[in-house]
2 protein chains.
Amino acid sequence: MPRLGGPTPVTLHDVAREAGVSLATASRAINGSDRKVKEEYRSRVLAAAAKLHYKPNRAAQAVARGSTLTVGLLVGDISDPYFSTIAAGVVNGAEQAGLIVTMAATERDTTRELDLVRAMTGQRPKVLIIAGSRFTDDPHREELVAELTDFEATGGRVVMISQAEMPFDTVLLDNRDGARRLAEELVALGYRRFAILTSQPTLLTSRDRLDGFLAGLAAHGLTVAPERIVETEFTRDGGYTAASRLAAEGLDDVELIFAVNDVMAVGALSALRESGLVPGTGIAVAGYDDIPTVRDVTPALSTVHIPLYDVGLRAIELATSPRDSAEPVHSTVQSTVVLRGSTPVRTLAPQPG
Amino acid sequence: MPRLGGPTPVTLHDVAREAGVSLATASRAINGSDRKVKEEYRSRVLAAAAKLHYKPNRAAQAVARGSTLTVGLLVGDISDPYFSTIAAGVVNGAEQAGLIVTMAATERDTTRELDLVRAMTGQRPKVLIIAGSRFTDDPHREELVAELTDFEATGGRVVMISQAEMPFDTVLLDNRDGARRLAEELVALGYRRFAILTSQPTLLTSRDRLDGFLAGLAAHGLTVAPERIVETEFTRDGGYTAASRLAAEGLDDVELIFAVNDVMAVGALSALRESGLVPGTGIAVAGYDDIPTVRDVTPALSTVHIPLYDVGLRAIELATSPRDSAEPVHSTVQSTVVLRGSTPVRTLAPQPG
DNA sequence: TTGAAAGCGTTACCAC
DNA sequence: GTGGTAACGCTTTCAA
């Protein structure tokens, strides 16, 4: 009995020899080439491949074909539910399309992002997906655009997820409009006095949501005092810290705290409770994203639902669809306001004036 | 031979020509070969590479070198915080080691798992990491072992995360002991009557935690009635459904519900609250894993902390360390019981009898 | 030290 | 249809 699977992997050569056909025929039989192969040879090759446990060497295929079946995915933070849900969509969508996903985390650092893009393009993926908010003050923006343009020029596809701020196809999240609609719905519930937990204004996602929310309020003649707009980290702990501070300073006149994302809102919820307030009763809270967790906090969090998994799917669709226009395509994903226990209907207090 | 479809990426050839040196010299100058290159040539090559925006084609390098710098990661579900936290550790650890991670999701289906392993090994990664519970009744176990053994025989490294049930290096989670310690601590708090939310007994993680918990109780002469051990899905909704059912059937004599993982416990918390119970006051709940969310549910959930991020890191360490022994290495990760508001100290009721 | 040339595992072109 | 045999982009002998 010959020893199978020796120290080096079985090659197509081995399969061809075993089947008694040429390399070329073996290749045609194994991958779905359009060329026809006589059924007898075909099955002989397949049998040999199975017997030897042959596996095509993807790297070699990539070199020979001049292209890979790989998708590069860049996210801010893999363990953040926002990104991990998008990633799940990307990975599953890619698998449907016969693609394999390689993934890296930028830690929301634009220098790292640029480095990672460079590393990823070295893999010559078919597609490069970059998920995560852009920054208004990204010092590497130009280099990044150059890098990605280069990548597209040599046959790659680029898909951004978030803002349409870069000259590439993007899955557009209507952050501004979603936040505006949320604000309007909250006003309709009777809320009039707000505080906002936001992130650095250079973070576009944060800025858009803040602007949209304020616009929604403005449509009803409402404003938020600058000292009620607290800038903090874009994380759970950021929300926690900022809400603690707000509570310590006194929140008596604030009816609702809007955090520009759910993880911040969830942190805020915990902070408020620890400060002796009762979220939902004493003070309302709303977030943005609709990550899975928010159904299970108390009270359940009102938020703006983004179909994050579908966003990942959509990115793959966009990337695998023919590129007919020279202009970047923007595919907008609809978000919907979801009202839950954290923002109960509020007895309408007469408007001052 | 003109390649169809537009401009092609810059190759090492182009760089060599631009620098006026041979291909070999360019190769030596650009990658950190041990061979020496005259400083003048060296800088000329580097300058040419920079000027042309040269990026080594990783696939071609892989073919030439006969090995990649890739690690394949298989998880059950990317958007599950348990896995996404592990994945974050793997990805960052890999980056430290100069490796790139490709990722896929098994959806906890052993058939899919086998398929994905086959697909992944086709990439000839340096390492294959498989995270997620094993099953006692995996019909593909043998094939999987064969596949992975083959992979190792041809130079690959395999690392499992969870049970030491497969003949490969593994990052071992002491599920049984963690659950046992949790049970003992809960008994020390005064709890005597339990219900348990578990998953299919064929899922080893679930079974080990159940066994461990029961062992911990048994050490104090306590048992759990079979009808108080509810089998459900290993997910948030599974926990929710099972707890709803328990509550509907009447839980008056139950003091604490232990769910074999946190997402189930979190679902249970919501279900109990919706059933009119007050978790932490009316009934205690405990989980397992210590996913980030559990700090922010109400009350905060008691659980067993697993350093999931470190688990991912450890897997990479294991995979990149020299393989001195012929025996599989088992690296156990310590878990610690974390008591929070969901299991308050209980006034000791005299034991019956 | 350098460069020519022989691979690495596949694909695809080109005759037969 | 089939089988030689050039590529593919890079690494690594092997002479010089």
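So that the names make sense, note that chain A is the first sequence line, chain B the second, and so on, each numbered from 1. What you are looking at is a predicted structure, and each value in this text was computed from that prediction instead of being measured.
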Using the side chain to side chain donor-acceptor pair (under 3.5 Å) criterion, which residues pair with [X]? Sequence neighbours excluded.
| X | value |
| --- | --- |
| Ser162(B) | none |
| Thr320(B) | none |
| Glu317(A) | none |

Checklist line | All pairs passing salt bridge (charged side-chain N to carboxylate O under 4.0 Å, His left out) where residues 54-68 of chain B contributes a residue, at least two apart | finding: Glu147(A)-Lys55(B)

Next item on the list: Taking the side chain as every heavy atom from C-beta outward, state whether Leu148(A) and Leu128(A) have any pair of such atoms under 4.5 Å apart.
Entry: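 The answer is yes; the side chains approach within 4.5 Å.
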
Between atom [atom1] in [X] and atom [atom2] in [N], what is the gap in whole Å?
| X | N | atom1 | atom2 | value |
| --- | --- | --- | --- | --- |
| Ile30(A) | dA12(C) | CD1 | C1' | 16 Å |
| Glu40(A) | dG1(D) | CD | C1' | 13 Å |
| Gln123(A) | dC10(D) | CD | P | 14 Å |

Partners of [X] by side chain to side chain contact (heavy atoms under 4.5 Å, CB included), sequence neighbours excluded?
| X | answer |
| --- | --- |
| Glu107(A) | Ala105(A), Arg112(A), Asn92(B) |
| Ser331(B) | Arg314(B), Leu318(B) |
| Glu142(A) | none |

Next item on the list: Indicate whether the side chain of Thr102(A) and that of Gln123(A) have a donor and an acceptor atom separated by less than 3.5 Å.
Entry: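 Short answer, yes.
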
Which one, [options], comes nearest to the side chain of [X]?
| X | options | answer |
| --- | --- | --- |
| Arg28(A) | dT2(C), dG3(D), dT11(C) | dG3(D) |
| Leu12(B) | dT1(C), dG1(D), dT11(D) | dT11(D) |
| Leu23(B) | dT1(C), dG4(D), dT11(D) | dT11(D) |
| Ser22(A) | dG9(D), dT12(D), dG4(D) | dG4(D) |

Notebook entry, point to check: Of the residues in residues 52-66 of chain B, which ones touch DNA chain C at a heavy-atom distance under 4.0 Å?
Noted result: Val63(B), Ala64(B)

Margin query: At 10 degrees resolution, what angle do the end axes of the helix from dT1(C)-dA16(D) to dC16(C)-dG1(D) form when each is taken over five base pairs?
Written below: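 About 40° separates the two local helix axes.
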
Check: Think Thr25(A) has a side-chain N or O under 4.0 angstrom from the OP1 or OP2 of dT2(D)?
Finding: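 Indeed not, no polar side-chain atom of Thr25(A) lies that close.
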
Note to self: Under 4.0 Å from OP1 or OP2 of dT11(C): is there any side-chain N or O of Asn31(A) that close?
What the structure shows: yes

Margin query: Please compare Gly20(B) and His13(A) by the position of their nearest nucleotide in DNA chain C and report the one closer to 5'.
Written below: Gly20(B)

